[in-house]
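Take a look at the structure set out below.
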Amino acid sequence: MERSYINQVVRFFLRLVLILFLVLIIDRGVGMILSHYYFHQHRGEESKITFIIDSTVADVVIFGSSRADHHYVPEIFENRLHYSCFNAGADGNYLLYSYALFNTIVKRYSPKLIIFDIRPYELGNIASEYDRLSILLPYYQKYPEIRHVIELRGPFEKFKHISYIYSYNSLIFQILKGNLGSGKSEGPELKGYTPLNKTMVPEKIGTWDICDIPVDNNKVNLVKDIISTCKKKNIELIFVHSPIWITMQKSNCHNILADICSENGIRYIDMSNDSTFINRPDYFEDISHLNDKGARIFSNMLSDKISHPY
Amino acid sequence: MLFNSIIYILFLSIVVLAFYIFPSRIRWIWLLIASVGYYLSFIPIFILLLGGLTVINYFLAKWLAKIPEEKTSVLFILAILINLLVLSFFKYFNILFPGNQIHLYSVSLFIGNEPINKMILPLGLSYFTFTLLSYLIEIKRKNILPEKHFGYFSLYLFFFPKIAQGPIERPQQLIPQLHQNRRFNYTMLVEGLKLMLWGYFKKLVVADRLAIYVNAIYNNSEKHNGTTLLVATIFYAFQIYADFSGYTDIARGSAKLFGFDLMDNFKRPYFATSIKEFWNRWHITFSTWLRDYIFLPLAYYLSGRMKKTSYLFISTENWIYLIVSITTFGICGIWHGVGWNYLFWGVLFGIYLTYSNWAKGFHKNLRKLLHVKKTSPYLLFYKMLTTFMLVLLGWVFFRAATLTEATKIIGKIFTSAGAVFYHSPYDLIYSIIGILLLIILDSKREFFNNRFSILYSRYQGVRIAGIVTIVIIILLIGVFDGGQFIYFQY
């Protein structure tokens, strides 16, 4: 082989190594700075997640999506059940996310009661829910117990975390906002609950045909794992389907979840089409979410059902 | 195996490394195997279709070159028809057979098979067909001889960087390169990697970010006011540009790693000062294809047929321009998709071009009357802005699901003002950052081509710093859960 040819190859690889090395160094530096400020946020969605993972010691923990976040008023559960309560619901995040948070909490302590707010198609295979797990990327390095959930996003997920910045991708402005302003957290007295205050414009009660969503076996396994962990740690577990404006067709996913619950002696409370909320637009902000008025009525009713199971 | 996936980077690295390790005489075999493998990573069954077309066209082309010239027309038309029928059959399959129960499987190496329960256009078939047509036409015109080597011919069609989404390579441009012995070339390799990096920047930082907002708005257009729809349309203009030109950069960059030069598809189209210039800068390999194989031959044919100097007080030349522009761009619209909105989008550009051609004299006189110099920066800016707005109007038809929806959106844009909707302000901020970065970098290339170069600076430190900065920006604000490239569907 000619010398100049070899020189070109060597030159190419040397430059490549140099660039990769520089990228790695800067990536580590920027990633560490972002990590520092991320975990020092005192407001915003991210600070709530960090609080749930690191600090919550509530007796009752509520998991779920925005429907959990806006439907369960911790103050009412505290008064009615005489337990401390925290609402860990998060907008646009579903079972996969809740399962990850559940893992971090039960690793630290055993709550007395865990409520999972679920949808009838909760066990459905919905690709975007895996993408949504990106909200947990900053916790990947620090919390090994949630890694296997994040790795469900794709076969290359663990390799992506070679980059430190990747975990904080698209979070610069959130981190900035979370670190600016007063040192006081937003609404700590609400204990994770976010009230909605508008009233929906009445509209015809439609039906969601969700029967054809295929079942996601990953999620079925996660539910089974949640149940077995709760049994092992002696935690009372309840799955709840909170009220919705729409009439839901019962799907395969719903039946599977109901079957798993009944096989394991777990309570499954379906209040999706409870008569109290039917045709009451004044209890809703939109077709999927109760407003604060509706949430308070629902929380009272659910507390009753929990404290008087039979 | 999308270009914006880790598996593609791994695949490309292995293919490039092995390409230079293998002796030159068998490199084409390796590239062909890799290209077929790449195609199999989508919906494998369609390889049979593309393989069949390759064999048929290989022999048709040889036959076309062999028979006497006076007999070529029938065979040529037959060859063209076969290819067009296959393309049309798949493009209109779901209209011809509504409610069909076709079951296909896509393949993912690490996830497994995924069922698809309807017929979809085989990946790259439009580009594949147009490449074949170009090959046949060039043979018919005696500009080239048919490729003798079936392997090189197959590689010309299947070459993986361009099979899915172009560029639509002319045979004269690519086939001779495939025959040449490719040696490791440091400059080409580095240039290829830089192009790819720039392509990833456009795709991940700009296109996929804008897609979040555009999809949210256009998928619920009836719920949004005119201001929001206008913002979404402007975003879409940059999204489709960044998406498609980003793809092209990755494709061209990938080809350069093997020492091949693919044709460029984009030259900063939003700096065009007329619609004609826009099409000289947008999807260049497709627009030149339309020009060379439809527009010019049709114009030539009509000029031979329309003997009078004018019809209905309009000059024959103007009539020809009108017919040819509308026909060519009508075909351009139909090629892009099934639906009246696509046809209207194409015809709209035909109308734009006809108007600018017919009103050329009027504009010249107006300019003189107003004492505005042709090179005045104000005039150029005005022309750039009006061209952009006309293109923007077209994008509404292109992005909307139907013609009715498009007209409703345009109606709202002009009648229903209001606050701009956003779910998260951050998406808007990142979108605007992406657009600004794209405009700044494109402006630099458009107006200061040889100055302030970062990736091509003569100082090595600046070049390296530029590369590292782009990588860090992609990691910081790129979208890693983005979907496929927009032009995959055409």
Side-chain angles (χ1 to χ4, degrees), chain A residues 1-2 4-16 18-31 34 44-45 91-92 125 127-128 130-134 137 152-160 162-177 212 214, chain B residues 5-10 13 16-17 20-21 108-112 114-115 117 183-190 193-194 197 204-205 208-209 212 257 423-431 433-434 460-461 463-483:
Chain A
M1 235 185 261
E2 292 165 43
S4 67
Y5 187 79
I6 296 168
N7 281 347
Q8 278 195 55
V9 177
V10 171
R11 193 171 146 216
F12 173 76
F13 281 106
L14 281 178
R15 295 269 162 88
L16 193 66
L18 173 68
I19 288 171
L20 288 177
F21 178 73
L22 283 174
V23 167
L24 204 72
I25 296 287
I26 295 173
D27 174 79
R28 293 283 141 128
V30 176
L34 289 170
E45 195 179 10
D91 277 4
N125 192 344
S128 62
Y130 287 87
D131 293 341
R132 296 271 192 166
L133 282 174
S134 60
L137 294 180
L152 291 172
R153 278 162 53 84
F156 292 103
E157 197 57 35
K158 63 177 85 164
F159 300 107
K160 290 181 186 172
I162 291 170
S163 160
Y164 274 32
I165 293 180
Y166 172 71
S167 299
Y168 306 94
N169 169 266
S170 305
L171 285 175
I172 296 177
F173 292 109
Q174 282 95 322
I175 293 173
L176 263 177
K177 192 184 168 196
D212 60 346
Chain B
S5 64
I6 290 182
I7 184 98
Y8 177 75
I9 308 271
L10 287 175
S13 311
V16 171
L17 207 64
Y20 289 110
I21 290 171
S108 177
L109 277 179
F110 295 91
I111 299 166
E114 280 182 48
N117 294 324
R183 298 194 62 195
F184 181 92
N185 181 327
Y186 175 84
T187 317
M188 277 283 253
L189 209 71
V190 171
L193 288 174
K194 284 178 186 171
L197 185 63
L204 302 173
V205 175
D208 285 349
R209 175 69 62 187
I212 297 170
L257 301 187
H423 175 65
S424 149
Y426 306 119
D427 276 335
L428 272 186
I429 295 170
Y430 289 123
S431 298
I433 290 174
Q460 189 184 308
R463 291 197 303 267
I464 290 176
I467 292 168
V468 172
T469 308
I470 293 177
V471 175
I472 298 295
I473 290 175
I474 291 174
L475 287 171
L476 273 174
I477 60 173
V479 175
F480 294 105
D481 301 321

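First the proteins, then the strands, lettered A, B, ... as listed; each starts at 1.
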_Using the rule side chain to side chain contact (heavy atoms under 4.5 Å, CB included), only one of Ile165(A), Ile26(A), Val23(A) pairs with Val471(B); which is it?_
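That would be Val23(A).
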Spatial distance of atom [atom1] ([X]) from atom [atom2] ([Y]) [nearest 0.5 Å]:
X	Y	atom1	atom2	answer
Ile467(B)	Leu18(A)	CD1	CG	10.0 Å
Phe480(B)	Asp131(A)	CZ	CG	13.5 Å
Arg463(B)	Ile19(A)	CZ	CD1	9.5 Å
Gln8(A)	Met188(B)	CD	CE	12.0 Å
Gln174(A)	Ser424(B)	CD	OG	6.0 Å

*asked:* For Phe12(A) and Tyr186(B), take the angle between the two ring planes, folded into 0 to 90°, and tell me which bin it lands in: parallel under 30, tilted 30 to 60, perpendicular over 60.
replied: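 Perpendicular: the ring planes of Phe12(A) and Tyr186(B) meet at over 60°.
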*Given the options Leu193(B), Leu189(B), Thr187(B), Asp427(B), which has more heavy-atom pairs under 4.5 Å with chain A than any of the others?*
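Option with the top pair count is Leu189(B).
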Quick check on [X] against chain A: is it the side chain, the backbone, both or neither that has a heavy atom closer than 4.5 Å?
X	result
Ile433(B)	side chain
Tyr426(B)	side chain
Leu10(B)	side chain

*Phe21(A) versus Val468(B): any side-chain heavy-atom pair under 4.5 Å?*
no
*Measure the shortest side-chain to side-chain distance between Arg15(A) and Val190(B) over non-hydrogen atoms and say whether it is less than 4.5 angstrom.*
no
_Winner by heavy-atom pair count (cut-off under 4.5 Å) against chain B, out of Ile172(A), Leu22(A), Asp27(A)_ = Ile172(A)
Contacting moiety of [X], where chain B heavy atoms sit under 4.5 Å:
X	value
Leu34(A)	side chain
Ser134(A)	side chain
Phe13(A)	side chain

*What are the two closest non-hydrogen atoms of Leu476(B) and Val30(A), and how far apart are they?*
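Heavy-atom minimum between the residues: CD2-CG1, 4.3 Å.
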*What pair of heavy atoms forms the shortest contact from Leu475(B) to Asn169(A), and how long is it?*
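Minimum heavy-atom separation between Leu475(B) and Asn169(A): O-ND2, 2.9 Å.
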*Who passes side chain to side chain contact (heavy atoms under 4.5 Å, CB included) against Ser170(A), sequence neighbours left out?*
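Once residues adjacent in sequence are excluded, the partners of Ser170(A) under the side chain to side chain contact (heavy atoms under 4.5 Å, CB included) criterion are Arg209(B), Tyr430(B).
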_Partners meeting side chain to side chain contact (heavy atoms under 4.5 Å, CB included) with Arg132(A) (sequence neighbours left out)_ = Asn93(A)
